[in-house]
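Along the sequence shown, residues are numbered consecutively beginning with 1. Everything quoted here is computed from the prediction, not taken from an experiment. Values reported hereafter were calculated over all heavy atoms of this structure, with side chains retained and with hydrogens, waters and symmetry mates removed.
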Amino acid sequence: MALGEQVYGYFIPTVNLMGVGAHKEIPNQVKTLGGSNVLIVTDAFLGRPGGMADDIKAMLEAEGIKVTVFAGAEPNPTDINVHDGLKIYQDCGADMILSLGGGSSHDCAKGIGMVATNGGHIRDFEGINKSTKPMPPFIAVNTTAGTASEMTRFCIITNTSNKVKMAIVDWRCTPNVAINDPLLMVGMPPALTAATGMDALTHAVEAYVSTIATPVTDSAALMAIKLISQNLRQAVANGQNMEARDKMAYAEFLAGMAFNNASLGYVHAMAHQLGGFYNLPHGVCNAILLPHVEAFNLIACPARFVDIAVAMGENVEGLSVREAADKALAAIKKLSADIGIPAGLTELGVKEEDLKIMAENAMKDACSFTNPRVATLEDVIGIFKAAL
């Protein structure tokens, strides 16, 4: 069968540093990018006195680099957070941005950088490639193993006027340098390790069944699924397990490589609404929704779910394609249960009366466009109900 005309992109930071001790390269990378006045964008925990942001600040100041810390990135960063950080960026005369933390810090930093050079309001950039000018030099230092925002062109910001998480997809907000050092991840508590790990699994699964998946994204997605299946339980059980932490850092990065180029699906489109409406943890929402959305998607690409089952270590010998595909869904549920993910959205306070408006918004989310099975509004509402 002849292929229709289609151009596939591949986006990734120019420099990616991995492994134990990688964060010690931060000063060198700042100098390489020509930075002399850095704004560190982080959250309240990492930005507390004596916290990790202060450690990074001291490293840079020892090299004669001026540093200001903005610790205002909330767990689901808002347009208000972005513009608060923008004011500090402008007031201190910064010439580059360094984000420190997980997806919230990275996304907030991306928003600050986009508006700093393009002007306007962060809401102006919702959608795909709305910016016209490059961001300031940008280094993303990751402390979680889940969102992959340190290396993607995705920026998710909550619009406080309508409680909708805006999906900003723009190659210009891809960091110049991404740093993943498992030494910075050992302090993550078990619940956060579990949630971020399931976020990474969701990225890999959704990218693998995406309508614009390619052999390049497929290879990254399957390896990410394998590594997560083999290491997430151990990382949750013992956060000091450096081998598990290191493998999870690679897994989340590989999953990011996959979805940064193949995009996502209804899990993320729906999870964004839960985060916007209820300010819920993104990874937990993904984990709860994942088996329900993929049960809906299964008939669109059953052979792909067989591959996922195998990557998760399931024995599919002698099974039909459908039977083997079902093993993938069972394996996802088992992993979630083992690491303490809540069984349903009701435990998180989600109300049935909000499902319709969230479903309507999910169908407009940019992540929904590459889902392998087209859903009606009733379908999306039904998936939400099944996940309650």
- Audit row: D338, R233, salt bridge (Lys or Arg N to Asp or Glu O under 4.0 Å) steps and yes/no: CA-CA 7 Å; D338 284 351; R233 290 177 176 89; 2.8 Å; yes
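- Contacts of K31 classified as side-chain contact (heavy atoms from CB on, under 4.5 Å), with partners at least two apart in sequence or in another chain: E63, I65.
- In this structure the side chain of F125 never reaches within 4.5 angstrom of the side chain of M166, judged on heavy atoms.
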- Step-by-step salt bridge (Lys or Arg N to Asp or Glu O under 4.0 Å) determination, K57 to E61: CA-CA 6 Å; K57 183 173 185 277; E61 289 178 336; 2.8 Å; yes
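- Contact annotation: the side chain of L388 approaches that of L355 to within less than 4.5 Å [non-hydrogen atoms, C-beta and beyond].
- Evaluation of the salt bridge (Lys or Arg N to Asp or Glu O under 4.0 Å) rule for D218 yields R304 as partners, not counting sequence neighbours.
- Between V267 and E294 the shortest side-chain heavy-atom distance falls below 4.5 Å.
- Under a 4.0 Å N-O distance rule, the pair E360/K356 qualifies as a salt bridge.
- To the nearest 0.5 Å, atom CZ of residue F253 and atom CE of residue M18 are 6.0 Å apart.
- Contact of the T14 side chain with the V177 side chain is not registered, since no non-hydrogen atoms from C-beta on lie closer than 4.5 Å.
- Distance check: E252 CD to E150 CD gives 4.0 Å after rounding to the nearest 0.5 Å.
- For the residue pair R245 / T193, a side-chain donor-acceptor distance below 3.5 Å is found, with atom types taken as modelled.
- The shortest side-chain heavy-atom distance between R373 and C301 does not fall under the 4.5 Å cut-off.
- Atoms CG and CG, on D181 and L183 in that order, are 4.5 Å from each other to the nearest 0.5 Å.
- With a 6.0 Å cutoff to the six-membered ring centre and a 45° limit on the axis angle, R48 counts as a cation-pi contact of F45.
- In the hydrophobic clustering, where aliphatic and aromatic side chains (Ile, Leu, Val, Met, Phe, Trp, Tyr) are joined below 4.5 Å either directly or transitively, Y8 groups with I212.
- H203 and H282 have tilted rings, their planes meeting at an angle from 30° to 60° on a 0 to 90° scale.
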